[in-house]
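The structure presented is a predicted model; accordingly, all values stated were derived computationally and were not measured. Every chain is numbered from 1 and lettered A, B, ... according to where its sequence line falls, protein lines coming before strand lines.
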Amino acid sequence: MSEKTKQKLVQEPQVEHEDLNVLMQRRREELEELKKLGVEPYPHEFNRTDFSKESIDSFKDDAPQRTVMLAGRIMSIRRMGKASFCHVQDSQGKIQVYLKKDDLGSIYDAYKLFDIGDIIGITGFLFRTKMGEVSIHAQKLTLLAKSLRPLPVVKEKVDEQGNKVVYDPFSDKELRYRQRYVDLVVSPEVREVFIKRAKLISGFRKFLDAKNFLEVETPVLQPLYGGASARPFVTHHNALDVKLYLRIADELYLKRLIVGGYDGVYEISKDFRNEGMDRNHNPEFTMLELYVAYRDYRWMMELTEGMVHEAAVAVNGSSTISIGEHTIDFKPPWKRITMFGAIKEYTGRDLRGKSEEDLRKTCKELHIEIEAAQGVGGLIDEIFSARVQPHLIQPIFITDYPVELSPLAKKHRSEQGLVERFEAFANGQEVCNAFSELNDPLDQRARFEEQVKLRARGDEEAQPLDEDFLRALEYGMPPTAGLGIGIDRLTMLLTGQTSIRDVIFFPQMKPEK
RNA sequence: GAGCGUGUAGCUCAGUGGUAGAGCAUCUGCCUUUUAAGCAGAGGGUCGAUGGUUCGAUCCCAUCCACGCUCACCA
């Protein structure tokens with residue numbers, strides 16, 4: 001490092017200090033004053049024994065005085081000279097603290113330098129104020145972490161009807177996503193969404209573990225990607241000097257594990273797709289994939305409805321969820337209908353056996369815009385997406401898809417041109433995708449070759465041929481049922497969020513500045 | 001990728017061709033059961049960035065940046 005560079009590094013913090021706004025300068029000054037008063041601004045621990053909500057809920061007016069020790073962040077302060085109230089927030093919520101100079105002595109002077117955002121420990125006894133709020137009468141106050149940056153102050157009030165009214169919520173979406181830590185501090189409902197997300201995932205795990213499926217991990221960095229139609233992220237391994245792809249799906253590796261002899265495997269993990277971003281797409285997202293040997297897609301439908309139902313109950317405590325004017329009930333059994341059956345039900349047209357020309361005519365009659373390149377399968381899918389999917393409010397399985405759309409699914413046992421595949425829909429959105437897995441290695445090779453042709457024609461999302469996967473199938477894979485569930489979108493559905501960014505802690509953003 | 005919109009104090013937002021305002025937050029004073037605490041006073045801004053028009057731009061114009069919404073693409 002050059003002398004010049006060294007100097008620059010040394011000077012940088014001071015330069016930064018001069019750039020601070022008055023609020024942050026003030027807090028740094030307070031920090032120094034606190035140190036002068038002998039207050040350690042960043043102690044190592046605090047042995048709390050109590051939490052806000054538990055303390056409030058357990059309070060009884062006629063019971064003997066109870067001392068509690070809890071810790072949290074100051075969210076509001078109301079000073080009245082020689083006494084003060086503040087609200088302290090911990091993981092369970094907020095509790096009011098009453099601080100009196102007579103009881104606290106010299107630390108009360110230090111407390112004058114405390115701010116909204118500081119993290120403190122409180123020891124005191126529970127009581128009810130004149131206004132009726134269960135609070136802590138502080139006997140001891142400990143600073144646990146001095147905050148140097150002002151937090152957005154969100155004020156709230158309970159109106160006559162008992163509804164909580166929030167004033168000036170922290171609402172700038174860009175700031176909320178970029179500084180999610182702030183969003184989480186000031187918005188309990190945001191914290192709640194992510195708690196529900198965790199409950200969904202742990203609900204799935206419990207369900208699958210109870211059935212003795214093995215949770216596994218497969219490579220994120222892959223020499224060849226596959227298992228879905230999407231463009232991958234590309235990276236490079238220096239030591240091997242090879243190109244690697246970030247996985248777009250887990251499918252092909254998990255099926256290799258079924259070949260290896262496990263009866264059931266699942267993986268909950270991030271996939272990466274190098275595509276556009278919108279309210280339903282984030283470049284990295286979480287999938288559950290599950291494969292079970294000796295089962296088919298009909299068996300998988302039963303498992304799916306049972307698993308999603310249990311997870312919905314785990315998340316919301318109920319099998320139903322209200323979205324807009326709809327109440328969606330995940331209780332099994334879910335309705336089942338074939339894709340052609342559903343199209344007939346909602347358009348009155350039977351598309352079975354129709355030629356590409358017929359289908360184009362139908363699209364025109366139904367005022368559905370299509371592209372020249374689309375084949376029979378693509379056209380059927382367009383009609384389904386436009387005329388059927390929006391009507392699928394209650395959970396429903398749509399079964400038996402055109403073979404062209406599903407290069408990894410097994411051909412239907414009785415219907416020509418179809419595969420044994422189902423997708424579940426709810427609230428007009430896809431919930432999962434599953435099929436009887438293709439285990440005929442020769443058929444799989446032919447399907448891959450179709451994909452290679454599409455690729456040669458410029459379809460960047462067509463799947464590359466995976467010779468090692470074919471080798472695995474050639475050793476023999478038992479009949480297998482497979483399932484994929486997008487965790488982010490299911491979380492959206494179960495928490496009533498309309499953007500994927502509201503169910504991902506740190507959604508992808510362009511870099512700042 | 002296209003259209004529309006937004007960007008002003010820490011946060012939420014007004015506003016104007018003559019270099020800016022409110023509420024909360026902050027600071028000072030008063031206040032020992034307050035709660036959107038209150039009362040009195042004060043400080044705080046590169047008005048997203050860069051160009052242009054103009055005597056003068058935060059405002060008008062252009063470009064760029066970031067974000068949002070809708071659509072397209074995409075499962």
S.K.: Grab the CD-C1' distance between E29(A) and U26(B) for me, whole Å please.
M.R.: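 Going from E29(A) (CD) to U26(B) (C1'), I get 12 Å.
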
S.K.: Taking G18(B) as the reference, what is the distance to C60(B) when you measure between their P atoms (whole Å, please)?
M.R.: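 Roughly 12 Å separates the two P atoms.
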
S.K.: Using the C1' atom as the reference point in each nucleotide, state the distance between G43(B) and A36(B) in Å, no decimals.
M.R.: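 To the nearest whole Å, 23 Å.
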
S.K.: Roughly, in whole Å, what's the span from CD1 in I77(A) to P in A25(B)?
M.R.: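 In whole Å, A25(B) P lies 10 Å from I77(A) CD1.
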
S.K.: Show every salt bridge (charged side-chain N to carboxylate O under 4.0 Å, His left out) that has at least one partner inside residues 385-411 of chain A, sequence neighbours left out.
M.R.: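 The answer is K411(A)-D443(A).
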
S.K.: Taking the minimum atom-to-atom distance to the side chain of D115(A), which one of G43(B), C27(B), U12(B) wins?
M.R.: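 Taking heavy atoms from C-beta onward, the closest nucleotide is C27(B).
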
S.K.: Could I get a table of every N or O pair under 3.5 Å where one atom is in the protein and the other is in nucleotides 69-74 of chain B?
M.R.:
| unit_1 | atom_1 | unit_2 | atom_2 | d |
| --- | --- | --- | --- | --- |
| C69(B) | OP1 | K173(A) | NZ | 3.4 |
| U70(B) | OP1 | R279(A) | NH2 | 2.5 |
| U70(B) | OP2 | R279(A) | NH2 | 3.3 |
| C73(B) | N4 | D278(A) | OD2 | 3.0 |
| C74(B) | O3' | E461(A) | OE1 | 2.8 |
| C74(B) | O3' | E461(A) | OE2 | 3.1 |
| C74(B) | O2' | E275(A) | OE1 | 2.6 |
| C74(B) | O2' | E275(A) | OE2 | 3.2 |
| C74(B) | O2 | H281(A) | ND1 | 3.4 |
| C74(B) | O2 | H281(A) | NE2 | 2.2 |

S.K.: Regarding S76(A), tell me which of base, sugar-phosphate or nothing describes its non-hydrogen contacts under 4.0 Å with the strands shown.
M.R.: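 Touches nothing.
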
S.K.: Mind jotting down which residue pairs meet the salt bridge (charged side-chain N to carboxylate O under 4.0 Å, His left out) criterion with at least one end in residues 450-464 of chain A? Sequence neighbours excluded, please.
M.R.: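 Output for this query lists R231(A)-E460(A), E450(A)-K453(A).
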
S.K.: Tell me, what's RNA chain B's dot-bracket, Watson-Crick or G-U with both distances under 3.5 Å, | for other-strand, [ ] crossing?
M.R.: (((((((..((((....[..)))).(((((.......))))).....(((((..]....))))))))))))....

S.K.: Give me each pair satisfying side chain to side chain donor-acceptor pair (under 3.5 Å) with a member in residues 481-491 of chain A, each pair once, sequence neighbours excluded.
M.R.: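 The answer is R197(A)-D488(A), H281(A)-R489(A).
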
S.K.: Rounded off to whole Å, could you give me the CE-to-P distance for the M24(A) and A9(B) pair?
M.R.: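 Going from CE in M24(A) over to P in A9(B) covers 15 Å.
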
S.K.: Is the closest side-chain donor-acceptor distance between S436(A) and E420(A) under 3.5 Å?
M.R.: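 Per modelled atom types, S436(A) and E420(A) side chains form a pair under 3.5 Å.
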
S.K.: Out of A66(B), C27(B), C24(B), which has the shortest distance to the side chain of K510(A)?
M.R.: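 The listed nucleotide nearest to K510(A)'s side chain is A66(B).
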
S.K.: Between N21(A) and G44(B), does any side-chain N or O lie under 4.0 Å from OP1 or OP2?
M.R.: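 For G44(B), neither OP1 nor OP2 has a side-chain N or O of N21(A) closer than 4.0 Å.
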
S.K.: What string of B, S and - do you get for nucleotides 29-36 of chain B, 5' to 3', when a contact is any protein heavy atom under 4.0 Å?
M.R.: --BBBBBB

